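Worksheet: the structure to be examined is printed underneath.
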Amino acid sequence: MKIVLLGPPGAGKGTQAKSISNKYSIPHISTGDIFRKNISENTSLGIEAKSYMDKGQLVPDEVTINMVKDRLSQDDCKEGYLLDGFPRTVAQAEALDSFLKERNEELDTALAIEVPNEFILERMTGRRVCPSCGASYHIKFNPPADSKKCDLCGTEVIQRKDDTEETVKERLEVYGRETQPLIDYYADKNKLSTVDGTKAIIEVFRGICEILENKK
Ligand code: AP5
Ligand code: MG
Ligand code: ZN
């Protein structure tokens, strides 16, 4: 299956992606995670991406599109993939469409996790992430069993640098301007499905599975 996850910062894309990727055995490709890995390894891509991410702005399309095309060309993507955080602009969506078309492939669905803005700030400021495997936790809604360590790999969880109130506000603005138009973009192509992301994590996952079972 080839799935795009849409939704504002803090919608729960990363949280749900881990479970979807497990259930359907497809790689979870998060552009944010790839950038963060490059930042931690101090690569030239990481240095460039950091200057945008710290401000809550988007990394330029050209950089991002080339990086994703490389990733999608790897062997583990042959049977499908789950894109989290890409596409984020119309130009990125068009690039993905031509990539698929060249291969005679089609997206199964663009799945939008809908969460209104008033939920977002509390989710973001309470978030903790695993710097090693990318798992997402929340101090109140989804704490790790040992409050400081990742359930999946035992690494100490940290707070993301762009999860401050000021940066979250900028990210929400950027989302509204650059990414929200993709909802219509995919609706026009009859590819859009939506799930209510305000419910408990496990219920959102149930909703997602219902949608995906009908796409298989
Ligand atoms: P990225 O890492 O993709 O960040 P984002 O889109 O802002 O999304 P988040 O990861 O913040 O939220 P999420 O939806 O994954 O939520 P999560 O599951 O963690 O991108 C970061 C930056 O990289 C961008 O700002 C940009 O600079 C750059 N970038 C990335 N991709 C790019 C691209 N394509 N083009 C250009 N630039 C790009 O959940 C959030 C919190 O809520 C957690 O604490 C979680 O435990 C909790 N939670 C989740 N679900 C629930 C629930 N149902 N109920 C209660 N709490 C919940
Ligand atoms: Mg995420
Ligand atoms: Zn981990």
Side-chain angles (χ1 to χ4, degrees), residues 4-20 28-39 45-46 48-68 71 83-93 95-96 111-115 119-144 146 149-164 167-175 178-179 182 195-208:
V4 160
L5 273 187
L6 293 173
K13 301 183 295 295
T15 302
Q16 298 298 335
K18 289 270 172 221
S19 309
I20 300 168
H28 166 207
I29 300 173
S30 155
T31 40
D33 286 351
I34 301 176
F35 287 134
R36 280 183 288 277
K37 185 161 187 282
N38 276 274
I39 292 174
L45 174 66
E48 179 173 8
K50 186 175 174 10
S51 63
Y52 297 97
M53 289 170 77
D54 282 353
K55 288 187 279 202
Q57 292 165 0
L58 295 183
V59 179
D61 279 339
E62 202 189 87
V63 177
T64 309
I65 289 168
N66 286 330
M67 178 180 89
V68 171
R71 181 63 190 89
L83 282 165
D84 160 11
F86 183 95
R88 244 181 166 93
T89 62
V90 171
Q92 292 180 13
L96 177 62
L111 180 62
I113 306 180
E114 296 179 320
V115 177
F119 288 77
I120 303 288
L121 199 61
E122 187 184 14
R123 284 197 185 182
M124 304 306 260
T125 48
R127 172 163 62 184
R128 298 294 180 272
V129 295
C130 172
S132 175
C133 75
S136 234
Y137 300 93
H138 192 281
I139 48 174
K140 182 164 141 198
F141 304 126
N142 182 28
D146 167 339
K149 286 188 182 142
C150 175
D151 290 345
L152 302 178
C153 73
T155 310
E156 193 157 323
V157 297
I158 56 163
Q159 189 158 21
R160 251 170 63 176
K161 223 183 152 200
D162 59 348
D163 277 349
T164 61
T167 315
V168 170
K169 284 188 178 147
E170 173 66 18
R171 282 157 63 198
L172 281 171
E173 255 186 62
V174 171
Y175 174 80
E178 305 279 352
T179 312
L182 296 184
V195 66
D196 176 2
T198 64
K199 296 186 181 151
I201 292 172
I202 182 83
E203 283 177 49
V204 178
F205 184 56
R206 222 171 277 143
I208 290 175

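Quick caveat, the model's predicted, so the values are computed rather than measured. Order of listing sets the numbers, starting from 1, for every ligand and every atom in it.
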message: For the backbone of Gly10 and the side chain of Arg123, can you confirm whether one donor and one acceptor N or O come within less than 3.5 Å of each other?
response: yes
message: Check this for me - ligand 1, Arg127, N or O atoms closer than 3.5 angstrom, yes or no?
response: yes
field: Heteroatom distance test (Gln16, ligand 1): nitrogen or oxygen, under 3.5 angstrom
entry: no
- prompt: Hey, is Arg36 touching ligand 1 through its side chain, its backbone, both or neither, going by heavy atoms under 4.0 Å?
  reply: side chain
- request: Could you please compute the angle at the Zn ion (ligand 3) from SG of Cys130 to SG of Cys133, rounded to 10°?
  value: 110°
- line: Among Lys140, Met124, Lys199, the residue with a heavy atom nearest to atom 53 (N) of ligand 1 is Lys199
- prompt: Any N or O on Thr15 sitting closer than 3.5 Å to an N or O of ligand 1?
  reply: yes
- line: side-chain hydrogen bond (donor to acceptor under 3.5 Å, both in side chains) test vs Asp84 passes for just one of His28, Lys18, Lys13, Gln16, namely His28
- prompt: Based purely on interatomic distance, does Phe141 place a nitrogen or oxygen under 3.5 Å from a nitrogen or oxygen of ligand 1?
  reply: no
query: Based purely on interatomic distance, does Pro9 place a nitrogen or oxygen under 3.5 Å from a nitrogen or oxygen of ligand 1?
result: no
- prompt: Is there any N or O on Asp162 that sits under 3.5 Å from an N or O of ligand 1?
  reply: no
query: Nearest to atom 1 (P) of ligand 1 by heavy atom, Glu170, Arg88, Lys13: which?
result: Arg88
query: Are Arg171 and Asp163 close enough for a salt bridge, meaning some N to O gap below 4.0 Å?
result: yes
Contact (N/O only, under 3.5 Å) between Ser136 and ligand 1: yes
Arg160 N/O to ligand 1 N/O under 3.5 Å: yes
- request: Please indicate whether any nitrogen or oxygen in Gly14 is less than 3.5 Å from any nitrogen or oxygen in ligand 1.
  value: yes
query: N/O of Phe86 under 3.5 Å from N/O of ligand 1, yes or no?
result: no
Proximity of Tyr137 to ligand 1 by residue part, where a heavy atom lies under 4.0 Å: backbone
- prompt: Does ligand 1 have a heavy atom under 4.0 Å from the side chain of Thr64, from its backbone, from both, or from neither?
  reply: side chain
query: In the protein, which heavy atom is nearest to atom 27 (O) of ligand 1, and how far is it?
result: Gln57 O, 2.5 Å
statement: Ranked by distance from atom 35 (N) of ligand 1, the top protein heavy atom is Gln92 NE2, 2.9 Å
query: Can you name the closest pair of heavy atoms from Glu170 and Lys55 and give their distance?
result: CG-O, 3.2 Å
Any Gly197 heavy atom less than 4.0 Å to ligand 1: yes
